[in-house]
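Throughout, numbering of the chain's residues begins at 1 and tracks the sequence. The figures here come from the full heavy-atom set of this structure, side chains too, leaving out hydrogens, waters and symmetry mates.
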Amino acid sequence: LLHAALLVPIVAAQNPVYPAGPPFRPVPGPEVTLRDLRGELQNKTTGTFTVTSVGDMFWKAPVAKRMSPVLRDLMRDADITVGNMEGGVGFDPALTASAFADLGFDFLAPGEFGGGPQLQIAREALDKYGIKLAGAGPNLTAARRPALQEVPEGLVAFIHACPGDNLCGPRATNTAQGVNPLGVTVWNTVTQEQFNQLKALETSILARRTEADVAQPSSMAPPLPPGRMSWLGQNYVVAEKPGELRHELNTGDERALVLAVRNAKEVSDFVIFHMHDHLNRSLFQAYSYNNYPADYLRPLLHKLIDNGLDMYVGSGVHTMQGIEIYKGRPIFYNQGNIGIDLTRNLDSTVEADGLTATERSERNRAGYFWYESNSIAYVANTTYTDGKLVEIRIYPVDIGLRQRPWSREHVPMTPTPEKARSILAQLQQYSEPFGTKISIENNIGIIRVPSEATVDVGVDLDLPGWRPSTR
């Protein structure tokens, strides 16, 4: 009995009974001033902070010891270095991970292997060097979660997503491995006259559903707003000109991405977002040869910056696209390829043609990645001072497709002065629609950003239950 009596106070302490009525600690009322989100969503890094970013890296073997020292040092010397691990683990996972570490990479996007067994192989190999992958995982929560790296200037978060369906691997779900998804519905533009013709064709075919020998009539298309139709697996929308592609984002995925960015910024000082974007702007342009972003991308990135994003790094279409500075935050729409090794193989099987696997691969892919636009790229080195963007230096890259032996292709090199100026002139052209001015000095591009270009974000956010600051 004594023992039981001694236990009573302990049990009571572990299971306290609060009196009925309002919560023990009430929800903050009007007299409480919540923190100003502008301070939370700004770039909170201190001192001089540098980020080196690159586009697609499809390397099957190390390149660091053979590449241009200037490009190598840009990657090694930055506070944070980021890019897309397009080629997976290459010939040897351990060697590939060591090569990325040798180049100073801190964050990598998982290319197109986010839904396959290579993901775990790559993650285990990279973990040994402290390199973080983001944007894919064993479930949706893990795929959406940012990777983190700490440097003296601040805590940095990295988020990756893949737009479209199954372009980088299957969508992650609550119970299945996959990529951080950004669902997209694609609409083909047609003129009103063309639309009327399509509707008439559809009507004439579906009118035969009632013929006597039809065992089971096909289902009718769901009703859509005027000027839209879905037929034979394609979506059509009336527009002024035909052949363009319009993209509508999955609302749930877009909201989740906005929350992921804002949440990452509230727990870190600097947020980088990357996407491997394969989406074209039009039907009349060859796939993967876009020099300007698809229609959905700019509004999406502006929204993410308004929610705390500090930098966007794009890859996927395998050509360079322009640079935009929005509210003092850089958007690198696509940085091009600094490696696209789709041809070389170590193992050959005996076939009737007598070719090696490398020879056969190039023959089968002839022309696919032989164009000049696939062979050039740029490395961006971005400098901040006390949280404000100061300067971006742009270093042209040539990977020598069809200009070098197989063993030397895909090794990033500084181009000749003439070619460097040509690459930068192209980038000037692609950046012009965004109002970005790039000067060319000593064969590198420079964007100088005045301090007043960096403005507060978070001012216009309308968040339920969170009163905007009046300061």
Near-ring test Tyr384/Phe270, centroid separation under 6.0 angstrom: yes

side-chain contact (heavy atoms from CB on, under 4.5 Å) between Arg144 and Asp253, intermediate numbers included: CA-CA 10 Å; Arg144 284 179 171 157; Asp253 291 344; 3.4 Å; yes

Who are the side chain to side chain contact (heavy atoms under 4.5 Å, CB included) partners of Glu40, not counting sequence neighbours?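 If we apply the side chain to side chain contact (heavy atoms under 4.5 Å, CB included) test to Glu40, skipping adjacent residues, the hits are Arg35, Leu37.
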
With Asp127, which residues qualify under side chain to side chain contact (heavy atoms under 4.5 Å, CB included), at least two apart? Arg123

Side chain to side chain donor-acceptor pair (under 3.5 Å) contacts in which one or both residues fall within residues 89-108, not counting sequence neighbours: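 Those involving residues 89-108 are Arg76-Asp102.
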
Heavy atoms, side chains only, cut-off 4.5 Å: are [X] and [Y] in contact?
X	Y	answer
Arg421	Asn443	yes
Ser282	Tyr292	no
Tyr296	Pro163	yes
Met311	Phe332	yes
Glu362	Trp406	yes
Pro412	Trp59	yes
Leu103	Thr81	no

For Lys437, does the NZ atom sit with more than 12 other heavy atoms under 6.0 Å from it, leaving out its own atoms? no

Sidechain-backbone polar pair: Lys60 side chain, Phe91 backbone, donor-acceptor under 3.5 Å: no

Under 3.5 Å, is there a donor-acceptor pair between the side chain of Asp456 and the main chain of Gln42?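 Checked: no pair found.
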
Kindly assign one of parallel, tilted or perpendicular to the pair Tyr371 and Tyr289, based on the angle between their ring planes and the thresholds 30° and 60°.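 Tyr371 vs Tyr289 ring planes: perpendicular.
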
Ring-plane angle category for Phe100 and Phe105, please: parallel below 30°, perpendicular beyond 60°, tilted otherwise. perpendicular

